[in-house]
Structure formats: structure tokens, C-alpha cells
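Written out below as C-alpha cells is the structure these notes cover.
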Amino acid sequence: MLACAPLADGGYALQELTEQGDAVGPRRLARPDELAGFSAADRWLWACTVDDYPALIAAGVHVPRCHDIAVVERILLGRDGVFGDPTWPGAVVARAQGRPVPAGSVAVGTDEMPALFDLPGAAGPPDPAVDPIELLRDAYLDQRRRAGSDRALALLLAAECGSALAAAEMGAVGLPWRPDIHLAVLDELLGPRPPAGVRPRTLAALAAEIDAAFGFPVNPDSAVDLRGAFRRVGFDIDSTRSWVLKGIDHPAVAPLLQYKELSRLHTANGWSWLDQWVTGGRFHAEYLSGAVVSGRWATRGGGALQIPRVLRQAVVAQPGHRLVVADAAQLEPRVLAAISGDVALQRISADVDLYAGLAADGFGGDRATAKVAMLGAMYGQTTGEGGRLVGTLRARYPLAMGCVDDGARAGERGDIVHSVLGRACPPPGDYWEAVRIGRQQDATDAERRRADRLAGDRGRFTRNFVVQASAADWAAVWLAGLRSTLGDVPGAELVFFQHDELIVHVPSAAAERVAALIEDAADAARRMVFPGSAVATPVRPVIVERYADAK
DNA sequence: GCCGGAGGCGCC
DNA sequence: AAAGGGCGCCTCCGGC
């Protein structure tokens, strides 16, 4: 294991360590352009992949595996109910020794201080008396001790460290993106690019239509204005969400819905987005693995996890290459089947289309209804059709429904829940005081209602957490496993990952092989994350030139 | 003028 | 079919 610490002078300290933390061989110092000389190292130890890996990637170093102190610390602290505390090695060691975390230090790449600021030396202590390699080693040994021999936790930590490597590489390599196709889409839907601050032609025309339909001027970008306008024409709505508008019979609705859709494209993924995020035919986002409490990824800038479907046609493989697009179909209900031990639902999970299987099993073949019911169960829907249908599921799959219901009750009590591999959800925040007050004998009706609402919100969060976080566990193991096997395929690049879906860009001749590796990795993840379970977590790799052709 | 929250909507 | 979970990002808007 090669410990690697950036130094204040821009260079690096490197030290080979045994798994027990003992130094092997001499301490080395390297300038950034000398890092390629360390490519043979199989496993790296460093403070934070988000901060430390990009420079190595730029130097041409591929890191097969790592131990990321920050990633591991975040998970370990979370299991102790601590969220948002500093995770850099000095903080880890200080906590281990019962000392206060040194003041003035800044944790980079964590929630409280995004790497955005990138202060020099921020990832480590400014104290020159402390040897950065020793600090790394001490933090590593403390984390190993705290992680103990929990097999599931070890798998989670390894998968999260691998995911962090994948995230950094993915941001660096970028998603193939054809600006010419993107521009053609914008031109077709919005018209020619207008000067800054001017509405594109299509939006201007729709705004005029909306004004004409109301008979007075309205700013369609303002929810306040719109609500007032609809009130004036006899519709008292408390939101202008599109599903609310769809229930209104008024000539302004149709152009307004169209306006909202196109305006969204213009502001979120229009010309300025293209200018800002696409360079050299690639969309470079900054991916943050495990940044969501459930373990899902987040991105900073570019909105890479919200690419609208209409722009997937701009994601095109380079000449001589293909995209292998794979998603884990209906992952969350399958994960629920596994973690709850519900054999009946596990049996359904063998179907390629789980919802169709559900429908045949208890919903008279009505797939749409079965899907609504299952989503309602996982999200905590209580009203309407979805809420009513959960009863049918409860009768047929009592273990699965019991699992999410238990999760909800734990949340309503203020308790913690965990993912299958042991990621903890955050404890309730300051608002829980209001729940406590509202549950006292002498609480007012208003206090009771507030407590019920807050506890209900918390229950829906924990209900969903057990499923969403366990799905994220599976996906991280899938991704990290695939990443390690892709090393044997020349030219294969992981270029996209979105919760339960990934894309590999690969020379055409190797596409079939990559598709097989993706399926193998999914099967391995199923066995490791859900050992002994009969659940199926199939993935469907599709080999295409354009992302839009994958579905 | 700055800033944070709200509203809204894209993705899963 | 109804509006339940998680995010990021944009604009608007009200408070300072």
C-alpha cells in the first residue's frame, strides 16, 4: 500500500506501507510530473480521492484501489450518528486521541466546506511538525480498528473507495457529447441563439400566446404572477406545478405547459450550459460519489445526473467506438425483496419485468397499477390510489411491506435505520424537539398536528432510506467491481453513472466483452451484497452509438 | 445589492 | 393514478 500526501510545495511524499502500517523501504519525494513513476502501486492510501486523485490522473497514473480516509471516515462517523464533522486525517487522529479537532483546519470535499475553495494545504494540517505520512498511517490504523471484522462494512468501504476513484476518473475523461447535435436540438425547439438576456424566439411566442389567452400580461416565469392570473380568471390554485395546471380548463394552460418545458431546457441545458460544460467533445462534470446521505452520488455543476431525455441524442460514441449502456431494471423493489427476506417477492424478481410479474400475481394483470402500488409502498404514499393499493401488497408480500413499515415506524420514533451493508441514516435534527413537545399530554392541537407532520416526514424518509441506501450499496459494489475488471479492456472508459445505470465508452470490437463484464459485475454484486438470497438483480447492457437509442 | 428560502422541474 | 422518497439547478421574491 502506497501512502501519498501532497506537500505545501506542490510535491508529494510517498511511502510504501504494509497493511499493518509499517514502513517498507525509503520515504520518497516526487514532483507532480514524477508521479507516473509510481504507477505500479496496487493500492494507495490518501486523505481524499476528490482532492488527491485528479492531479495523479493528469500525470497519467491509474490507481487500481485506494483507502480514502475521508470516504471511510464519513461512513464510520455516520454509524456513530455523527454527520458533517471534519474527515481529514488530522481530525481522525485527534478524535482517536481524545483531543479536540485542531482549530483553523478545513476539511476539503466534505459537506461543511466544499472543495470549491481548494485552500492550499486544506486537506491536511498546516502544522509542519506533523509528518503527513504518519498522520495518514495513524488515521488508517484507527479506521481499520473501528471497522473491525464486519464483513458487510468492509465490502461497503471497499466499494465506496472504488466508487470515489471511478467518480474522479469519470469527471476527468468526460461523457462523449456532440455540441453540433445539441445545438441542432436547441435550434429546433427554441429557435436561433438569442443575445444574452433575450428570450429565445419560441419562448417569446409562447409568452405572447399566454398573455393573449389571459387578456392581460403575465410573467410565466413567476409562480406568484401566474397564480394571481389564474385567480383572476376563476381558478384558485395553490401551486402552478404542471400536474395542477393539467387539471384546469383554460386556453392559457396549453401554451404555458409548453413554455415551462422549453424554458427549462433553455435555462438548465441551453447554450450557456453547452459553453460552460462541454469541451473537446466531452461533458466534464464533477461527480461526488456517496455524497447523498443514502449513498447515492451527487454532482457539483453541470447537473450531470439530470440530463434531460431529449439531449441523450447528443451523447454519441466516437468513431470506431460504442457506448455500452446498462441499467439495473427496477432495482429498488428487487432490493426490497432481498433485504426483507420476502421469498414471494424474490420469486417475482426473477421476471425481467418485475412490475409485470407483480401485476400477474395480484393486480389482475394491470402493470401500471402494480407499479403505482409498489412505488407507493416504498415512498410512503398514504392517500389516493397508490395508498389504497399498498393494502393489496401488504396482504401478498407481508415481509417486504413489513420491512418498509418497520423502517417508517423507526423514523417516527426518532430512531436510526441502516442500509443492508450498514450505512446509517442521519439522526433527526433540531426539529425533533417540536415532535417531543407535540407528543406531550398538554400539547395544543397545533403542536400535535405539527408533531404528526414532522414525524410522518421522518418516517417516509427512513422508510425510503432502507431501500434507496441498500440499492446504492448494491450499485456501488457493481460499479467498483466493474471498474476493476475494465482495467483489462484497452480503451474502455467508464463515462457515466446515475444511481442504477452506467455507460462504458469502448472500442467497438470490445463492446460485447464489456457487456459481459457488466453482467458479471452485477451478478457478483448480487452475491456479495445479498448472500444467500434468491433475489435477481438483472442488468441489461445495450450496445449503441447514441445514448438515446438505448431505451 | 446580497442572500437564503421557496417554487418548480429535470433525473433516479 | 396521484402528488409519497432522494438530489441539483434555475428563477423569483422577500427580508435585510
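Lettering follows sequence order; numbering is per chain, from 1.
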- Electrostatic pair A/R449:A/D452 at N-O distance under 4.0 angstrom: no
- Do the side chains of A/I348 and A/R396 get nearer than 4.5 Å, heavy atoms only? no
Could you list the donor-acceptor pairs under 3.5 angstrom formed between side-chain atoms of residues 181-194 of chain A and any protein atom two or more places apart in sequence or on another chain?
from: A/H182; atom 1: ND1; to: A/W177; atom 2: NE1; distance (Å): 3.1
from: A/H182; atom 1: NE2; to: A/N269; atom 2: O; distance (Å): 2.9
from: A/R193; atom 1: NH1; to: A/D275; atom 2: OD2; distance (Å): 3.2
from: A/R193; atom 1: NH2; to: A/D275; atom 2: OD2; distance (Å): 2.8

- Please list, by residue number, the residues of residues 457-466 of chain A whose heavy atoms come closer than 4.0 Å to an atom of DNA chain C; answer none if no residue qualifies. A/R460, A/F461, A/N464
- Can we call the ring centroids of A/F496 and A/H505 under 6.0 Å apart? no
- Got a sec? Which of residues 356-372 of chain A come in under 4.0 Å of DNA chain C, heavy atoms? A/V372
- Query: Got more than 12 heavy atoms from elsewhere within 6.0 Å of CZ, A/R232?
  - Reply: no
- Select base, sugar-phosphate, or nothing to describe what A/I307 touches, counting heavy atoms under 4.0 Å on all strands. sugar-phosphate
- Step-by-step side chain to side chain contact (heavy atoms under 4.5 Å, CB included) determination, A/F283 to A/I307: CA-CA 11 Å; A/F283 166 34; A/I307 298 170; 4.1 Å; yes
- Task: Indicate yes or no: does A/R483 engage A/E169 in a salt bridge with an N to O separation below 4.0 Å.
- Result: yes
- Item | Members of residues 195-228 of chain A that approach DNA chain C, where some heavy atom sits under 4.0 Å away | A/D221, A/S222, A/V224
- Item | Qualifying side-chain hydrogen bond (donor to acceptor under 3.5 Å, both in side chains) pairs, either residue in residues 368-381 of chain A, two or more places apart | A/D366-A/T369
- Task: Assess whether atom CZ of A/R450 is packed by more than 12 heavy atoms of other residues, nucleotides or ligands within 6.0 Å.
- Result: no
- Message: Within the supplied structure, the quantity of interest is the number of heavy atoms (other residues, nucleotides, ligands) at a distance under 6.0 Å from A/E501 CD; does it exceed 12?
- Response: yes
- Item | Residue-level proximity of residues 259-268 of chain A to DNA chain B when a heavy atom falls under 4.0 Å | A/K260, A/R264
- Query: Which parts of residues 393-431 of chain A get close to DNA chain C, meaning a heavy atom less than 4.0 angstrom away?
  - Reply: none
- Task: Could you point out which residue of A/R264, A/R199, A/K260 forms a salt bridge (charged side-chain N to carboxylate O under 4.0 Å, His left out) with A/D221?
- Result: A/R199
- Message: Applying salt bridge (charged side-chain N to carboxylate O under 4.0 Å, His left out) as the test, list every pair that has at least one member in residues 206-217 of chain A; sequence neighbours left out.
- Response: none
- chain A vs DNA chain B, heavy-atom contacts under 4.0 Å, first-to-last nucleotide span, 5' to 3', is B/dG7 to B/dC12
- Within a radius of less than 6.0 Å around CZ of A/R201, do more than 12 heavy atoms belonging to other residues, nucleotides or ligands occur? no
- Range on DNA chain C touched by chain A, heavy atoms, distance below 4.0 Å: C/dA1 to C/dC13
- Task: Considering only NZ, NE, NH1 and NH2 on the basic side and carboxylate oxygens on the acidic side, decide whether A/R178 and A/E545 come within less than 4.0 Å.
- Result: no
- Residue pair A/D353 / A/Q330, side-chain donor-acceptor N/O under 3.5 Å: yes
- Message: Applying ring-ring contact (aromatic ring centres under 6.0 Å, His included) as the test, list every pair that has at least one member in residues 384-414 of chain A; sequence neighbours left out.
- Response: none
- Task: Check step by step if side chain to side chain contact (heavy atoms under 4.5 Å, CB included) holds for A/L256 and A/T240.
- Result: CA-CA 10 Å; A/L256 180 54; A/T240 62; 6.0 Å; no
Solution key, residues 424-435 of chain A side-chain donor-acceptor pairs under 3.5 Å, sequence neighbours excluded:
from: A/E433; atom 1: OE1; to: A/R436; atom 2: NE; distance (Å): 3.1
from: A/E433; atom 1: OE2; to: A/R436; atom 2: NH2; distance (Å): 2.6

- Query: A/L311 versus A/L265: any side-chain heavy-atom pair under 4.5 Å?
  - Reply: yes
- Item | Closest contact, heavy atoms only, A/W273 versus A/G302 | NE1-O, 2.9 Å
- Contact class for A/Q468 vs. all strands (heavy atom < 4.0 Å): base, sugar-phosphate, or nothing? base
- First of A/G302 and A/M378 reached from the 5' end of DNA chain C, by closest nucleotide: A/M378
